[in-house]
Amino acid sequence: MEVTAGSDAVQDLLPLVFAAPNEALTKAESVLRHRPEPLHASVAHQVIGIWQRDFGDMRLALRHLRRARDWAARAGSADREADVLATLGVALVHSGRTRQGLDALGRGVLRGTGHTRARVLFRRAYSWWVLGHHKEALEDVRRAVPVLRQAGDVIWTARALTLRATVHLALGSVERAEADFASAEDLWAVTDQEHDKADAVESRGLAAFRSGDVPAALRLLDEAEERYAKLGTPTFMLSIRRCEVLMAAGLAAEALAEADTAIAELDSIGGQSTRKAELLLAAARAARQADDPATATVRAGLAVRLFAGQRRAWWEAHARLVLIGARHAAGTRSGRLVRDAAAVAERLVELGAPAAPEAFLLAGRIALDLGRTTDAERHLAVAARSRRSGPPLARMTGWAAQALRARAAGSTRGVLEACRRGLNVLDDHRMTLGASELRARATAQGAELAALAQQAALRSGGPRRLLVWSERWRATALSAPPTRPPADPELLSHMTAYREIAARAEETRMEGRPVPALEREQRRLERAIRSRTLHMRGEAHGDDTRFDVGRLLEQLGDDVRLVELAVVDGRVQVLLCGQGRVRRFEAGLLAAAETEAEHVQAGLRRLAHPGAQARLPLVEAAGRRLEELLLGPAAAHLDDGPLVIVPPGRLHRVPWALLPSLRERVVSVSPSASSWLRARETRPPWGGRQVLVRGPGLATGGAEVTRLAGRYGGATVLEHQDATVPRVLTELDGAGLAHIAAHGTFRTDGPMFSALRMADGPLIVHDFERLGRRPYRIILSCCDTARFATVGADELLGLVTALLPLGTAGVVACSAPVNDAAVVPLMLALHEGLAAGLPLPEALRDARAAMPDDALHRATGWAFTAFGAA
């Protein structure tokens, strides 16, 4: 409906701009087309100015708001002029013209009276918050709220309470913030201010994050984004807040991408320079966490300059902290850097910023690097105070500082105690996360503590102590099952649609036709599925049973050996366990082993094709070099019995059977010694069923499944159109033995979407996590099923790691592309061993030995690995 200049509805446009912004903009433009009276012209220009300020071009915003001010003066209304001056002041602050903005707000306070003056005070308080002047912001809100309440102004009272809560959060007062958010939400419930309601949901997400509830924060921020999308309004502040939550969840690369995208969008519309500076700071923090100090330095430097020009001391101090941290990470060490970090720390204390301990920790760490122990102790002692209270990551900062203090003082006991306490805090935090991906990625927050503990354990000389600390930090995300996804209709609907779209895309590609639309829809559904799973809160408790070296040695007995590879200061330490003792040997550099492992993988890929026999000696030579780097002198002490290898996450793609001393041995791999113990003590289900699955598109047609169906007379065979994801999951649940012949796909860009191809589409990692009971043994006779993404500190994400925490005792999977035809005899021989009562590792060893002695079949055997203990 068109609003005319003479209509009383013109006055309603101001509340409408926050309830339905685009509708308000259209109506305000309509008013101006009808030569309105000065008062109505002032309102219309103000509405357009607010829209442009918050969602568009700041230059246009200032132009319209100045016209609104001039028309208000012509109308002779002091309150109207005060209201416009407040809106103009906020716009000027957001455009970086801080002095002019505060001057306009001050004149608005003087011009306004009563209710109008209270609204102006609120907007000045908002500007103080933007500038980081929290004391002044709280004072203006204190003066505004009683007047707004007395006037019965529900909308502006709710806004003021929301602002006060946000200021409390910035100062670390979570309980006060939550009380104000709750009061504001009650008020919003009786209004039609949809934009403000979305902002309230966003603010609740920030409060949830500050209280340590990352899943709730992600859920609320996603809900706010959906609300903003319905209103068609940009979400720059939301992006800033989501970046902070993503970083706490260990998703730094995603946070950096989101911040950079928002910056580009903001620049394209000429938006608020204050928001650009905050986004640059978010990008700098994310780049620093993602181990990209060069990008962090550039982003933080730009942010410092913008904040300084905007006279935003609070924000400038935080940007300087990131800038100094990035320079330190890039290798800069100097007394000046220590002084700069200390100065930022003191400034953050003056400002009442919760980030002050982080700055003191940085100053102490740089001082230690320079050998300035007295300076380091002074700074670290202040940082260490935060270990007793506050959110989890802040307490971890304090324990890291305490560990560094103890190391400088030469106290191994003090280092280990501080690391233990800090990692306990992280464990408690991780277990609030329901998604296995978040649990794994969150471990990155404890990487420094883990490294300090292992260094101290190595220096103390006891291999048992190093083993205990290696286990304390190894594959912690696999120590308990992830929270099972709820019977969420929306999640299940997304997953069904995802399978359908992925299947259609695959068929279209095979026909040689482009699939951009299908790929876009597939990516959208992946985002939706991942979003729903990240919202899950943790339910499972961590494994409270401390790792017991004696229990491990008892289970190993005299015949079995376990080799745990710990990495300390970049070098592999081999911990050889068995015959009642733990021995330590020093091997090569981890970086060199990783490089050699990649060469081996490349060689196996070539050997998967006929005619590559000439490359076999090269691959075998690489295997010898790899053994020297990974086992070193320990290789001569392995004896002849079964061997369990516990590698660091970055070495899980090593084809262990290729190493010369392991080729004739029974070898299994486990993410941790604790995981192997659990698998060892897992009992097979009574009357366990056999399940055989054959997916589509295999070169051999899944020939081994047909042969195996004859061997296992009562097995459930799923093939052709019966091999659908729902049916496969139903049969896998609680099975004794499962064999799946299907194309495997590993997703480096999204390991939780690594998949096995079924008749109706991909069976992904998220699907495995929905299983109520684990299959006791499972054989995945397809390429890339034993590939993992290394995330967090030393965690793994992939198909196999979705099964092990559920209680699957044994898995055979493949770490490289293999020749489908050569796989068939290997699998048949493997099942012959199982039928004879052999465990998976022994059956796999014998199956390799039964293969033809040519390059193709030998490479196929090397590519498969047995995981677990069954």
Side-chain angles (χ1 to χ4, degrees), residues 222 226 229 251 253-254 257-258 261 435 437 485 488-534 605 608 693-702 705 718-730 732 740-771 780-789 797-800 802 813-814 816-818 820 823:
D222 284 350
E226 290 173 6
L251 302 171
E254 292 181 34
E258 173 143 352
T261 299
E437 180 181 2
D488 178 348
E490 187 169 348
L491 174 60
L492 295 176
S493 174
H494 287 327
M495 293 181 77
T496 300
Y498 172 76
R499 280 195 293 275
E500 180 183 341
I501 290 295
R504 286 172 52 195
E506 181 66 21
E507 290 173 7
T508 306
R509 286 190 200 96
M510 292 176 68
E511 293 169 0
R513 293 187 287 134
V515 291
L518 291 172
E519 287 177 343
R520 283 194 299 271
E521 179 62 7
Q522 184 173 335
R523 287 193 295 270
R524 185 192 71 79
L525 288 165
E526 285 178 3
R527 288 192 297 271
I529 292 167
R530 188 163 180 261
S531 175
R532 301 292 292 192
T533 56
L534 296 186
R605 284 195 294 271
V693 180
R694 178 164 60 171
L698 295 168
T700 64
V705 171
L718 301 177
E719 54 189 349
H720 309 306
Q721 294 309 307
D722 289 333
T724 62
V725 170
R727 182 77 189 280
V728 170
L729 290 175
T730 298
L732 287 181
I740 302 179
H743 278 303
T745 304
F746 178 73
R747 287 278 300 275
T748 55
D749 62 327
M752 300 301 284
F753 289 93
S754 298
L756 301 174
R757 185 179 166 200
M758 297 291 111
D760 60 339
L763 170 64
I764 59 177
V765 175
H766 289 298
D767 287 311
F768 277 128
E769 292 189 339
R770 292 164 51 208
L771 288 170
L780 305 173
S781 65
C782 30
C783 303
D784 288 339
T785 48
R787 286 188 64 186
F788 308 99
L797 293 176
L799 288 166
V800 173
C814 181
V818 287
D820 283 357
V823 167

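Residues satisfying the side chain to side chain contact (heavy atoms under 4.5 Å, CB included) test with E506, not counting sequence neighbours, are R509, M510, R757. Remark: T261 pairs with no residue by the side chain to side chain contact (heavy atoms under 4.5 Å, CB included) rule, at least two apart or across chains. Qualifying side-chain hydrogen bond (donor to acceptor under 3.5 Å, both in side chains) partners for E511, counting only residues two or more places apart in sequence or in other chains: R513. The side-chain hydrogen bond (donor to acceptor under 3.5 Å, both in side chains) test applied to R694 returns T706, E719, not counting sequence neighbours. Here T730 pairs with nothing under the side chain to side chain contact (heavy atoms under 4.5 Å, CB included) rule; sequence neighbours left out. Annotation: salt bridge (charged side-chain N to carboxylate O under 4.0 Å, His left out) contacts of R499 (sequence neighbours excluded): D760, D767. By the side chain to side chain contact (heavy atoms under 4.5 Å, CB included) test, C782 is found to be paired with L756, L780, T785, residues two or more places apart in sequence or in another chain being considered. In this structure, the side-chain hydrogen bond (donor to acceptor under 3.5 Å, both in side chains) partners of R524, at least two apart in sequence or on a different chain, are E521. The salt bridge (charged side-chain N to carboxylate O under 4.0 Å, His left out) check on D222 picks up R242, with sequence neighbours excluded.
Counting only residues at least two apart or in different chains, salt bridge (Lys or Arg N to Asp or Glu O under 4.0 Å) contacts with residues 720-730 comprise R727-E731. The stretch residues 490-532 participates, sequence neighbours left out, in these ring-ring contact (aromatic ring centres under 6.0 Å, His included) pairs: Y498-F753. Residue pairs satisfying the side chain to side chain donor-acceptor pair (under 3.5 Å) criterion with at least one member in residues 744-754, sequence neighbours excluded, are listed as follows: E526-R747, R747-D749.
The distance from atom OG1 of T533 to atom CD1 of I529, rounded to the nearest 0.5 Å, is 8.5 Å. Rounding to the nearest 0.5 Å places CG of L729 at 12.0 Å from CD of E769. For the atom pair CZ of R530 and CG of L251, the computed distance is 5.5 Å after rounding to the nearest 0.5 Å. In this structure, the separation between CD1 on I740 and CG on L799 is 9.0 Å, given to the nearest 0.5 Å. Atoms CD1 and OG1, on I501 and T496 in that order, are 12.0 Å from each other to the nearest 0.5 Å.
For the pair A813 and V800, the tightest heavy-atom approach, listed with the atom from each and the gap, is CB-CG2, 3.8 Å. Residues A503 and G761 approach most closely at CB-CA, 4.0 Å, considering heavy atoms. Here the closest non-hydrogen pair linking H743 and G697 is NE2-O, 2.8 Å. Between A435 and L534 the shortest heavy-atom distance is CB-CD2, 3.9 Å. A755 and P762 get closest at one heavy-atom pair: CB-CB, 3.5 Å.
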Please walk me through it: do M752 and I764 pass side chain to side chain contact (heavy atoms under 4.5 Å, CB included)? CA-CA 7 Å; M752 300 301 284; I764 59 177; over 6 Å; no
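Between M758 and L718, every side-chain heavy-atom pair lies at or beyond the 4.5 Å cut-off.
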